[in-house]
Amino acid sequence: MKQIKLIVAATTLILFSSCETLNVAAQQVMTQGGVGGLNPSSAEIASGLKQALEYGTTYSAERLSSQNGFLGNAAIKILFPAEAQKAEKTLRSLGLNQLCDNVITSLNRAAEDAAKEAKPIFISAIKQMTIADATNILLGGQNDAATSYFKRVTNAQLTEKFRPVIQNSLGKVGATKYWGDVVTRYNAIPLTADINPDLSSYVTQMAISGLFQEIAKEELKIRQNLSARNTSLLQKVFGYADRNKSN
């Protein structure tokens, strides 16, 4: 009888222990994102996000630096400065459409030249990104968090790099001459206020703004489009972000 009691006690202990083990295992599965889909480590989050951002920024810079990267993109095409749009309208009404078109084409060509300088600046910013930066960008709840990060840490460098390239390019593609012709012709019209905005500053600002718009599009694509996550690491990291968003 004593031996039977010992066997029952031992069996009960094993059963309780097994239940406890199963509970622990279940909790681990739940916290790890389900069977076959472990949550990424902090290092994987940083690596995955950097991988995505390097692709997105490189693609954006290369696309914008190609011919018609700016000119052929209606969303970021550089037009006359706001303070000169009245002048453009007046000159077009006088039949000077070609002159105005030449100005617009040359402004966009200068921006396309400058976009070539963007890639190494973004790559450097990505390399300097901390694990905390990456985690905040991934899980902070903002669809443009990475773009905002780049604006904060690269804007001054981009301006410094873009401006001399644009200034040189404006002369190379004829923008300086065309713009001089516009200013001269418009300022010669009686009863009009003279115009002469700083063209290189304007194009620099618009080129950087257009670049960030394209990066924001790429960021949104990888956050929302599953097919854009073309590596197992991206699927793991952004899948984890999706699960956190829905919780």
Side-chain angles (χ1 to χ4, degrees), residues 16-66 69 73 75-76 115-158 161 208-247:
F16 276 114
S17 297
S18 299
C19 290
E20 181 63 26
T21 301
L22 288 172
N23 284 335
V24 170
Q27 288 173 356
Q28 286 176 342
V29 168
M30 290 176 66
T31 58
Q32 291 172 340
V35 176
L38 297 180
N39 285 345
S41 66
S42 296
E44 285 179 315
I45 286 175
S47 180
L49 186 71
K50 288 180 179 183
Q51 184 181 105
L53 296 181
E54 184 167 343
Y55 170 79
T57 53
T58 297
Y59 178 72
S60 297
E62 289 178 351
R63 182 172 57 196
L64 295 187
S65 64
S66 63
N73 186 334
I76 60 173
K116 298 168 186 173
E117 303 293 323
K119 181 179 172 180
I121 293 173
F122 286 127
I123 297 299
S124 175
I126 290 167
K127 286 180 179 176
Q128 293 172 29
M129 187 180 289
T130 66
I131 288 177
D133 289 330
T135 303
N136 289 336
I137 288 169
L138 184 71
L139 303 176
Q142 291 178 267
N143 283 333
D144 63 346
T147 306
S148 297
Y149 170 84
F150 283 127
K151 284 181 181 178
R152 189 174 72 252
V153 303
T154 68
N155 193 72
Q157 285 179 283
L158 288 170
K161 284 284 189 181
I208 293 172
S209 174
L211 181 59
F212 283 133
Q213 283 188 56
E214 289 301 296
I215 289 172
K217 281 169 56 178
E218 290 304 312
E219 179 179 2
L220 189 62
K221 185 190 298 181
I222 200 163
R223 285 185 186 274
Q224 296 185 345
N225 186 350
L226 296 181
S227 64
R229 304 168 187 176
N230 52 12
T231 70
S232 58
L233 180 58
L234 292 182
Q235 291 163 10
K236 184 176 186 178
V237 167
F238 284 92
Y240 174 62
D242 291 343
R243 291 195 300 275
N244 273 268
K245 193 191 317 181
S246 59
N247 287 340

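Just so it is clear, the values below take in all heavy atoms, side chains as well, and ignore hydrogens, waters and symmetry mates.
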With rounding to the nearest 0.5 angstrom, report the [atom1] to [atom2] distance, [X] to [Y].
| X | Y | atom1 | atom2 | value |
| --- | --- | --- | --- | --- |
| Asn136 | Gln142 | CG | CD | 10.0 Å |
| Lys119 | Thr57 | NZ | OG1 | 8.5 Å |
| Ile76 | Lys217 | CD1 | NZ | 7.5 Å |
| Ile215 | Glu218 | CD1 | CD | 9.0 Å |

Could you tell me whether the side chain of [Y] reaches within less than 4.5 Å of the side chain of [X], counting heavy atoms only?
| X | Y | result |
| --- | --- | --- |
| Tyr149 | Leu53 | no |
| Leu49 | Phe238 | yes |
| Thr58 | Ile123 | yes |
| Leu234 | Tyr55 | no |
| Val237 | Gln51 | no |

*Among pairs that include at least one residue of residues 143-154, which meet salt bridge (Lys or Arg N to Asp or Glu O under 4.0 Å), considering only residues two or more places apart or in two chains?*
none
*Which pairs with one or both residues in residues 42-51 pass salt bridge (Lys or Arg N to Asp or Glu O under 4.0 Å), sequence neighbours excluded?*
Glu44-Lys236
_Close aromatic pair by centroid cut-off 6.0 Å: Phe150 and Phe212_ =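 Here the rings of Phe212 and Phe150 have centres that are no less than 6.0 Å from each other.
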*Main-chain N/O of Arg63 paired to Ser66 side chain as donor or acceptor, under 3.5 Å*: yes
